[in-house]
2 protein chains.
Amino acid sequence: MGVQEVQACLDSAHQRCSESGLRLTQKREQILRLMLEAEAPLSPYEVVDLYNAQAEQNMPPNSAYRILDFLAEANLVHKLNSANKYIACSHIACSHPHSASQFLICSQCKTVKEVMMEPKLLKEIQKNVSSAGFKMRHPSVELECLCGECSES
Amino acid sequence: MGVQEVQACLDSAHQRCSESGLRLTQKREQILRLMLEAEAPLSPYEVVDLYNAQAEQNMPPNSAYRILDFLAEANLVHKLNSANKYIACSHIACSHPHSASQFLICSQCKTVKEVMMEPKLLKEIQKNVSSAGFKMRHPSVELECLCGECSES
DNA sequence: CTTCTAAATGATATGTTATATCATTGCACA
DNA sequence: TGTGCAATGATATAACATATCATTTAGAAG
Ligand SMILES: [Zn+2]
Ligand SMILES: [Zn+2]
Ligand SMILES: [Zn+2]
Ligand SMILES: [Zn+2]
């Protein structure tokens, strides 16, 4: 992701946060930028290492955990449960509201693609939930895949 | 799950394993029984504790990890990525083949319900994967929910 | 029924990840 | 310019996961 795209995401993130009364502090913004530039899933400890290398500071692990939690709560990053890592949302600068996503994860090269679920599909899933007497709060659809490149070789 | 149901699952598991050339050893069977009786997600360390309490033996953690891995590979238990726990498959004794499942997880009481995905739904998900140029290997659909009881109170 | 072999399990150590607790900083608001 | 609460830092430790090598066990071969 180019510098100007990253900046667009950060701007959009600031706007969205202030609209919802969330505080995108300097540290949180720094971590978000880092995630946007990484374009790959990062664990909290990997975030710490990257941050400390770049900023020549010393962020403690619990701060990384807290900040990633915040960003995930704000839908600016997503947690990939199958890897216990986080990845920047691919739709921060998009105008449409963020609905549920499918995450296509290449088991070989670890590339991740975030695809919005069509309303029809989401409704289909929702239907099964309701008929079991449950109420859905947050779906997590992670698909272990092979990406185009990796399935060729 | 009653004693006779557990036994039916174990019998079915033995049959399925021998058909696929897998070895459902004594330890593996003991752990599977334990999971069937628990009817709740258990972490490897919880399995160790339960086993050691019941059998008054001392299973090391790595054995629990290995055995749970084996059982998951054999589709006799499933790994819940969002909790890093395992739960016995609800369809061991069923005659139909095991396709992909949705896991409805109550965030409050941690009840889990495993619901088979209808082919139509699976195909819908698959479609999005293909159109992104990926090949699906193993879907993980975990839905953070409130169960019937918990959503009332 | 032995003996052999590979797979499974145990023992042990250690690396990694996650969290708990309290102190300190810094920003919003009066 | 204080005052209070949210955010972050410092530190310790708990919980989780894995690596390595030894030992046992189960199945195959003779
Ligand atoms: Zn997103
Ligand atoms: Zn790939
Ligand atoms: Zn199942
Ligand atoms: Zn519940």
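All values derive from a computational prediction rather than experimental measurement. Heavy atoms only: backbone and side chains are in, while hydrogens, waters and symmetry mates are out. In what follows, chains carry the letters A, B, and so on, assigned in the order in which the sequence lines appear, proteins first and then strands, with residues in each chain numbered from 1.
A side chain to side chain contact (heavy atoms under 4.5 Å, CB included) with B/Leu104 is found for exactly one of B/Leu146, B/Val141, B/Val115, namely B/Val115. Residue B/Arg33 forms a side chain to side chain contact (heavy atoms under 4.5 Å, CB included) with just one option from B/Glu37, B/Gln30, B/Met35, and that option is B/Glu37.
Residues A/Glu149 and A/Gln108 fail the side-chain proximity criterion, which asks for heavy atoms closer than 4.5 Å. The shortest side-chain heavy-atom distance between B/Ser82 and A/Ser140 does not fall under the 4.5 Å cut-off. For the pair B/Lys123 and B/Glu118, the minimum side-chain heavy-atom distance is 4.5 Å or more. Using a 4.5 Å heavy-atom cutoff, the side chains of B/Leu143 and A/Asn128 are not in contact.
Interface residues of residues 20-32 of chain A facing DNA chain D, ordered by number: A/Arg23, A/Thr25, A/Lys27, A/Arg28; criterion, heavy-atom separation under 4.0 Å. Near-neighbour residues of DNA chain C inside residues 55-72 of chain A, defined by a heavy atom below 4.0 Å, number-ordered: A/Asn62, A/Tyr65.
When the C1' atom of D/dC16 is taken as reference, atom CD of B/Glu46 falls 12 Å away, rounded to whole Å. Taking atom CG on B/Leu42 and atom P on D/dC16, their separation rounds to 12 Å, with Å as the unit.
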Report the C-alpha distance between A/Asn75 and A/His78 in whole Å, list the side-chain angles of each, state the deciding distance to 0.1 Å, and finish with yes or no for side chain to side chain contact (heavy atoms under 4.5 Å, CB included). CA-CA 6 Å; A/Asn75 247 333; A/His78 301 298; 3.1 Å; yes
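End-to-end axis angle for the helix from C/dC1-D/dG30 to C/dA30-D/dT1, using five pairs per end and rounding to 10°, comes out at 30°.
Classification of the A/His91-A/His98 ring pair by plane angle, with boundaries at 30° and 60°, yields perpendicular.
Between B/Glu124 and B/Lys127, at least one side-chain N (NZ, or NE/NH1/NH2) sits under 4.0 Å from a carboxylate O, which counts as a salt bridge.
A side-chain N or O of A/Gln7 and one of A/Asp11 form a donor-acceptor pair less than 3.5 Å apart.
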